[in-house]
Amino acid sequence: MTLGVTMTPNRPRRPGTRPRPTLLASAVILGGLLLGTSLAFAAPPKKVRITLDDGTVIEGTLTKWESRTYHFVTVDGTTRRLDEDRVRRVEFLDAGDGATPPPKPPTSDPAPPVEIVPRGQPPIPAPAPVDPRPAWQTSTIAWLEAHQSKDGRWDVDGWQRLCAGEMCQGARDERGDPRYDVGVTALAALALIRLGEDPGASDALSRALDWITTQAPFRAGVEAGAIGFRDGEQIYNHAIATLALAEAEEHTSSPERRAVLERAVNWSLAAQNPGLGWKYGVRPGKNDTSVTGWMLAALDAARRAGIEVPDEAFRGGVAWLDRATSKEGVTGYQTPGGGSSYLPIQRGRFDEVPSMTAVALLGRAHAGLPIAATILDPGRKLLLGSLPEWETPTEVRNANFYYWFHATGALRALGTDAQWSRWRKSVRRALERQQRMGGPESGSWDPIGEWCIAGGRVYATAINALTLEQTERPRPAAGARAPRGPRGAPAEPAPPPSGPLVELASPEKGLVTTERSIEVNGHVRGLTPPLVVRIDGRRVEVEGSRFSGTVRLREGINEIDIVAADADGGRARARRTVVRDSTAPGIKLEDVADVVRVPRMTIDGHVDEHGCTVWVGGKETPVVGEQAFYFMETVTLAAGRNEIEIVAKDPVGNITRTTVTVTYKP
């Protein structure tokens with residue numbers, strides 16, 4: 001029997017990792033027995049005995065075996081479709097004993113590989129080296145490399161020009177928004193890194209990283225150190241680019257890239273709201289969970305790469321996540337427990353999923369700080385209540401790749417074994433089945449997810465590869481989420497508080513108020529009365545160990561400093577952040593006609609603040625969107641002059657009113 005096994009050369013593997021388990025290696029060996037092809041195997045019928053994971057034994061005739069996800073077996077004339085995870089042993093029954101079983105591929109996965117046991121077959125020559133990565137990974141890498149521009153970027157709205165022959169096409173949103181070329185290129189580079197490409201050996205990855213560094217020009221002022229950021233939502237470009245450069249630095253250091261990375265980290269720290277999180281721009285005074293999650297991931301990776309990142313940055317990010325999380329453990333975008341958002345043009349197409357809760361849990365894991373059970377337990381349950389589903393290529397209602405990526409990372413790091421197993425099975429099922437295999441799109445995913453409108457097929461492929469790759473890796477050890485020192489070395493856990501303490505009764509953590517002043521009170525432990533207590537440098541009244549005082553607030557963020565001292569020189573200190581928001585939300589309406597000829601018309605526009613409630617003509621109207629807060633309402637007009645009032649109220653009660661006048665002429 002002549003063997004014609006098709007093999008692929010070894011690719012560089014990510015340092016510090018073992019070859020991943022893959023059924024593909026076993027399937028290649030079996031293919032050598034049957035035909036000699038690495039994708040589908042057929043041969044003169046062979047009698048086999050197949051043992052499944054539950055002990056079930058099937059005997060019959062094997063005529064075809066397709067690699068990767070499914071096996072098609074004809075047993076006594078009945079076609080059976082077997083999931084690869086179920087097959088544990090294949091025995092050939094045609095000949096006698098004496099054959100040498102083919103070598104088994106290395107494995108580090110809890111699930112045992114398929115065992116191939118030929119009987120009576122001639123000895124099998126040792127196979128040529130084979131890429132240890134699963135087929136889905138090598139095909140993803142091939143698709144990304146084939147659609148990368150010569151300058152190293154992935155052109156979000158022009159990548160189809162690079163299609164060889166037939167153009168890649170799928171369900172929808174093939175192209176994205178070119179403003180996010182930097183962020184999507186960084187996401188694709190990050191996928192290559194985590195799929196095992198070496199920045200020092202992969203030409204595609206090296207060119208991508210070099211292009212990213214060119215997007216951080218040396219500028220003065222607020223743009224100094226920013227990567228791909230000019231204004232607004234382009235801060236996502238910066239955060240993801242910083243993350244990619246940091247992970248590349250962990251594996252292959254480059255002086256040029258490291259210099260850009262250090263400046264990017266400094267800009268990230270400068271952009272953070274004091275004691276809280278991030279939003280668009282430098283210290284804008286408002287925070288959002290989505291940007292904060294990406295920034296925490298980037299700073300965590302920078303810390304592992306040996307860049308100095310102060311602990312205060314992580315504590316501030318977590319302080320915002322705490323503020324945005326409700327008592328029920330639900331994290332909102334800019335308000336506690338706020339629901340997930342969607343774009344108006346996607347209205348009604350997608351089911352709501354707990355994206356921000358997933359982002360917040362993963363952000364806390366990156367920060368490495370203790371997580372209260374009152375936050376962790378309900379958050380994990382919420383994610384498991386929205387498992388990934390993608391049964392058919394065109395089914396999109398639950399397809400939220402952004403959510404799947406963050407929830408996979410969160411449950412991998414913070415879930416119980418049972419929770420992780422359940423999520424892992426669901427997300428693998430969803431993504432493995434729907435990856436394109438064959439044709440010009442082979443290796444990619446169709447951009448049908450809710451946010452694919454921003455990044456198209458490149459975004460969908462990169463983020464889904466990053467999600468699926470996490471299910472291939474072992475989970476981090478329990479308790480391994482402490483802050484890391486340089487190059488991933490675990491830092492010493494922070495000791496529990498000891499010595500004198502200032503305990504505050506008010507204001508509560510995360511307070512946002514419209515008031516000009518607030519009462520600050522609490523008590524001091526561990527100091528001997530009489531005590532002197534100063535709030536923001538001003539001495540206040542003390543009775544025994546209790547104190548109180550009034551603090552005037554300025555608009556925006558207020559850092560309140562409380563210092564207590566006794567006669568023996570003992571001191572204790574506390575800080576509390578309070579935000580004063582007395583600014584009413586802005587309303588911007590789309591053009592409204594002065595005169596109309598129909599009795600119904602649509603009024604739409606947006607507000608400039610998250611969490612607002614809007615009324616149009618006295619009717620409460622939904623506000624949607626995570627970046628631009630849109631509203632739209634249809635009103636019925638009376639003949640003649642109509643005055644329609646639009647009211648917006650923010651979460652702390654500030655109100656803006658505006659009126660439009662429309663004349664209806666039947």
Side-chain angles (χ1 to χ4, degrees), residues 15-16 186 189-190 193-194 199-200 209 212-213 215-229 235-279 281-283 287 291-321 362-370 409 413 476 479-495 559 573 575 577:
L190 192 64
I193 293 169
R194 293 191 184 178
L209 295 171
I212 290 171
T213 62
Q215 306 307 301
F218 285 82
R219 283 191 170 96
V222 297
E223 290 186 354
I227 306 176
F229 171 81
I235 195 169
Y236 284 102
N237 288 340
H238 172 85
I240 303 173
T242 303
L243 174 59
L245 290 178
E247 291 209 7
E249 182 68 14
E250 285 189 71
H251 304 299
T252 302
S253 184
S254 159
E256 295 80 8
R257 290 200 299 263
R258 189 175 183 87
V260 173
L261 173 60
E262 289 175 345
R263 294 174 60 246
V265 169
N266 290 336
W267 188 89
S268 301
L269 297 174
Q272 185 177 18
N273 289 314
L276 290 170
W278 289 262
K279 194 170 171 54
V282 176
R283 298 192 177 189
N287 305 265
V291 175
T292 297
W294 283 109
M295 282 294 195
L296 288 172
L299 294 180
D300 183 27
R303 179 170 56 179
R304 291 197 307 270
I307 306 294
E308 184 177 351
V309 181
D311 292 341
E312 289 78 7
F314 295 100
R315 285 197 290 266
V318 171
W320 165 252
L321 299 180
L362 183 56
R364 289 183 172 97
H366 283 303
L369 301 175
R481 303 309 308 172
R484 301 177 183 85
R487 295 288 173 184
E492 292 295 325
E559 295 285 349
R573 189 172 191 171
R575 287 190 175 92
T577 301

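Only heavy atoms go into these numbers, but all of them, side chains included; no hydrogens, no water, no symmetry mates.
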Please name all residues satisfying side-chain contact (heavy atoms from CB on, under 4.5 Å) with A248, sequence neighbours left out, ordered by chain then number. I193, P199, L209
Of the non-hydrogen atoms in N237 and G228, which two are nearest, and what is the gap between them? ND2-O, 3.0 Å
Holding to side-chain hydrogen bond (donor to acceptor under 3.5 Å, both in side chains), I want the full list of residues that pass it with R575, two or more places apart in sequence or in another chain. none
Could I get the full list of side-chain hydrogen bond (donor to acceptor under 3.5 Å, both in side chains) partners for W278, not counting sequence neighbours? none
How far apart are the C-alpha atoms of R303 and F314, what are their side-chain angles, what is the distance that settles it, and do they pass the side chain to side chain contact (heavy atoms under 4.5 Å, CB included) test? CA-CA 11 Å; R303 179 170 56 179; F314 295 100; 3.3 Å; yes
Give the minimum heavy-atom separation between A244 and A186, together with the two atoms involved. CB-O, 3.7 Å
Pairwise side-chain contact, T242 with W267, heavy-atom cut-off 4.5 Å (strictly under): no
Validation row: L243, L299 side chains within 4.5 angstrom (heavy atoms): no
Any residue meeting side-chain hydrogen bond (donor to acceptor under 3.5 Å, both in side chains) with S268, in chain and number order, not counting sequence neighbours: H238
The salt bridge (charged side-chain N to carboxylate O under 4.0 Å, His left out) partners of R315 (sequence neighbours excluded) come to E312
Decide yes or no for P274 and T577: does some side-chain heavy atom of the first lie under 4.5 Å from some side-chain heavy atom of the second? no
Who passes side-chain contact (heavy atoms from CB on, under 4.5 Å) against S254, sequence neighbours left out? E256, R257
Write down the atom of G281, the atom of A271, and the distance for their closest heavy-atom approach. O-CB, 3.6 Å
Apply side chain to side chain contact (heavy atoms under 4.5 Å, CB included) to I227 and T213, showing your working. CA-CA 8 Å; I227 306 176; T213 62; over 6 Å; no
Over 12 non-hydrogen atoms of neighbours within 6.0 angstrom of CD in E308: no
Set of side-chain hydrogen bond (donor to acceptor under 3.5 Å, both in side chains) partners for N287, sequence neighbours left out: N273
Please name the pair of heavy atoms, one in Q272 and one in G317, separated by the smallest distance, quoted to 0.1 Å. NE2-N, 3.5 Å
Enter the distance from K279:NZ to W320:CH2 here, rounded to the nearest 0.5 Å. 9.0 Å
With sequence neighbours left out, the residues meeting side-chain contact (heavy atoms from CB on, under 4.5 Å) with A302 are A246, V265, I307, V309
Minimum heavy-atom separation for A239 to M295, with atom names? CB-SD, 4.1 Å
Atom pair CD1 (I235) and CZ (F229), whose distance is rounded to the nearest 0.5 Å: 5.5 Å
Set of side-chain contact (heavy atoms from CB on, under 4.5 Å) partners for L321, sequence neighbours left out: T289, T292, L296, A360, R364
Considering all heavy atoms, the nearest I212-A189 contact: CD1-CB, 4.5 Å
So R194 and E247, do their side chains get closer than 4.5 Å, heavy atoms only? yes
